[in-house]
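Presented below is the structure to which this report refers.
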Amino acid sequence: MAVPENADVKVDSSGQNLDKNTASLADTIPPCPDDQNPGSNSSVETPNSTKGSEGAIKSEISHSDVKLSKLNPMAKEYVPKSIAPAQPFTADDNDLFATMRMNFGQRHRRMSKKTNLAQKEDVIRRTVHVLDIDQQVTEEQLAGLFQSCGQVVDCRICHGNKSVLRLAFIEFTDEEGARSALSLSGTLLGSYPIKVRLSKTAIAPVNSSLLPMSEDEREKCAKTVYCTNIDKKVTQKELEDFFKEACGEIQHLRLIGDRHHQSCIAFVEFKLVESAISAINCSGIILGGFPVR
């Protein structure tokens, strides 16, 4: 039978046509983006992506814990001063404090030096220099003369190197007293007229440890004279005979000399205070080859 065979062919032909129509229809419909790239949808989370994000968070937290563990919770940046415990000093702290003490000491010394200089200049302006003082004049007599000019703080008589006459420094409580004392220049005191000038130096302070501490020491000092510029050729016996004949009995004499100086010095203690005063008048007498002072 020819018809069934043809019918089958038609069916097949129609089926082929149907497939062709379906393919053409699929070509005309635009493709879905999700079908082309299923993984591009960011809103959809897969189990793998969730596990990865949780691991990153845990890793970041662990790194933060490590960083925080290295911080010092007792550092001064984190602890208020009111509750901060006392920290022990370190070597660097000691060096810092030593430097601070040194700087403070230097500033203190500079300030002290300036203060002392200002005080010294003030004392100099209140001091006069007196020349040509008789050997018989005492410090008490000299101070009494200048009391009329102002209150006397200190009076010091010294022996000059070029004259048998002596010199003195007198300090007043103020500059007015020193300027008023200039008017006494030319006053006859003892056997010579004195000369009074403004001083260029202050009276040197006395070391109290060197002063006599008892009446016996004071009496001993009053009977002792200091001699200088003694020729090395003069012996101790010759020096004793000289002062014994000129002044009086000697209690003790000490002659001191060395190879570095051309002359010697001596301390002569007499039995009487009057003999010591008389020895002062021997200043300038030639003994050996030098004038004794």
Side-chain angles (χ1 to χ4, degrees), residues 107-215 217-229 263 265-268 273 276-284 291-293:
R107 290 193 297 268
H108 181 70
R109 284 192 293 270
R110 286 195 295 267
M111 293 300 295
S112 298
K113 186 176 181 180
K114 292 180 180 179
T115 303
N116 293 337
L117 183 60
Q119 292 176 350
K120 185 177 180 180
E121 291 177 351
D122 180 63
V123 171
I124 292 175
R125 289 192 294 267
R126 294 187 279 109
T127 306
V128 294
H129 184 204
V130 185
L131 300 173
D132 297 344
I133 302 173
D134 195 310
Q135 295 284 354
Q136 304 298 325
V137 176
T138 64
E139 290 182 344
E140 290 76 10
Q141 293 174 340
L142 185 63
L145 174 65
F146 285 91
Q147 283 287 353
S148 59
C149 303
Q151 184 177 354
V152 175
V153 176
D154 194 2
C155 177
R156 194 83 53 84
I157 294 180
C158 312
H159 293 271
N161 296 331
K162 299 181 180 180
S163 175
V164 295
L165 299 179
R166 298 174 297 170
L167 55 91
F169 294 91
I170 301 177
E171 179 186 345
F172 295 88
T173 55
D174 49 36
E175 296 182 34
E176 288 75 11
R179 287 194 292 266
S180 177
L182 298 178
S183 61
L184 296 179
S185 184
T187 302
L188 187 64
L189 185 62
S191 302
Y192 302 92
I194 60 174
K195 299 177 182 178
V196 184
R197 302 170 182 172
L198 290 176
S199 179
K200 296 181 181 180
T201 59
I203 298 177
V206 177
N207 188 349
S208 59
S209 63
L210 302 178
L211 295 176
M213 304 299 294
S214 63
E215 286 296 331
E217 290 183 357
R218 292 188 181 92
E219 184 179 355
K220 187 175 182 179
C221 291
K223 295 186 294 184
T224 303
V225 296
Y226 167 73
C227 303
T228 186
N229 200 39
S263 60
I265 63 173
F267 292 92
V268 184
V273 176
I277 296 175
S278 178
I280 296 175
N281 295 324
C282 295
S283 182
V292 179
R293 293 198 296 269

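Just so we're clear, the structure is a prediction, and the values are computed from it rather than from any experiment.
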(message) Run Q136 and N281 through side-chain contact (heavy atoms from CB on, under 4.5 Å) and show every step you take.
(response) CA-CA 9 Å; Q136 304 298 325; N281 295 324; 3.0 Å; yes

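- Once rounded to the nearest 0.5 Å, the distance linking CD1 of I203 with SG of C158 reads 8.5 Å.
- In terms of heavy-atom proximity, I124 sits nearest to A202 at CG1-N, 3.7 Å.
- Using a distance-only test at 3.5 Å, with no hydrogens or angles considered, a donor-acceptor pair links the side chain of S185 to the main chain of V196.
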(message) Test side-chain contact (heavy atoms from CB on, under 4.5 Å) on V128 and S199; report intermediate values, then the result.
(response) CA-CA 5 Å; V128 294; S199 179; 5.6 Å; no

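- Residues V152 and A143 approach most closely at CG2-O, 4.1 Å, considering heavy atoms.
- Here the straight-line distance linking atom SG of C221 with atom OH of Y226 works out to 15.0 Å at 0.5 Å rounding.
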(request) Let me see the working for F172 and I170 under side-chain contact (heavy atoms from CB on, under 4.5 Å), right down to the final yes or no. (result) CA-CA 7 Å; F172 295 88; I170 301 177; 3.9 Å; yes

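- In this structure, E176 places its CD atom where more than 12 heavy-atom neighbours from other residues, nucleotides or ligands lie under 6.0 Å away.
- Residue T224 comes nearest to K220 through the heavy atom pair OG1-O, 2.7 Å, listed as atom of the first residue, atom of the second, then distance.
- L165 places a side-chain heavy atom less than 4.5 Å from the side chain of Y192.
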(message) Between V292 and C282, does the side-chain contact (heavy atoms from CB on, under 4.5 Å) criterion hold? Intermediate values first, please.
(response) CA-CA 8 Å; V292 179; C282 295; over 6 Å; no

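- Taking CG of D154 as the start and CD of E171 as the end, the distance is 6.5 Å to the nearest 0.5 Å.
- Electrostatic pairing of R218 and E215 counts as a salt bridge here, judged by a charged N lying under 4.0 Å from a carboxylate O.
- Atom CD1 of I157 is separated from atom CZ of R166 by 4.5 Å, given to the nearest 0.5 angstrom.
- Atoms CG and CD, from L142 and Q147 in turn, are 10.5 Å apart once rounded to the nearest 0.5 Å.
- Side chain of T187 to backbone of L184: a donor-acceptor contact under 3.5 angstrom is found.
- Shortest non-hydrogen contact noted between V268 and C227 is CG2-SG, 4.2 Å.
- Contact annotation: the side chain of I194 never approaches that of D132 to less than 4.5 Å [non-hydrogen atoms, C-beta and beyond].
- Salt bridge absent: R126 and E175 never bring a charged side-chain N and a carboxylate O closer than 4.0 Å.
- When all heavy atoms of R125 and A178 are compared, the closest pair comes out as O-CB, 3.7 Å.
- Note: H129 and F169 have parallel aromatic rings, judged against thresholds of 30 and 60 degrees for the angle between ring planes.
- With rounding to the nearest 0.5 angstrom, the CG atom of L131 is 5.0 Å from the CZ atom of R197.
- For the residue pair I133 and L167, the shortest heavy atom distance occurs at CD1-C, 3.7 Å.
- The shortest side-chain heavy-atom distance between K195 and V130 does not fall under the 4.5 Å cut-off.
- Of the possible donor and acceptor atoms, none in the side chain of D134 sits under 3.5 Å from a partner among the backbone N and O of V137.
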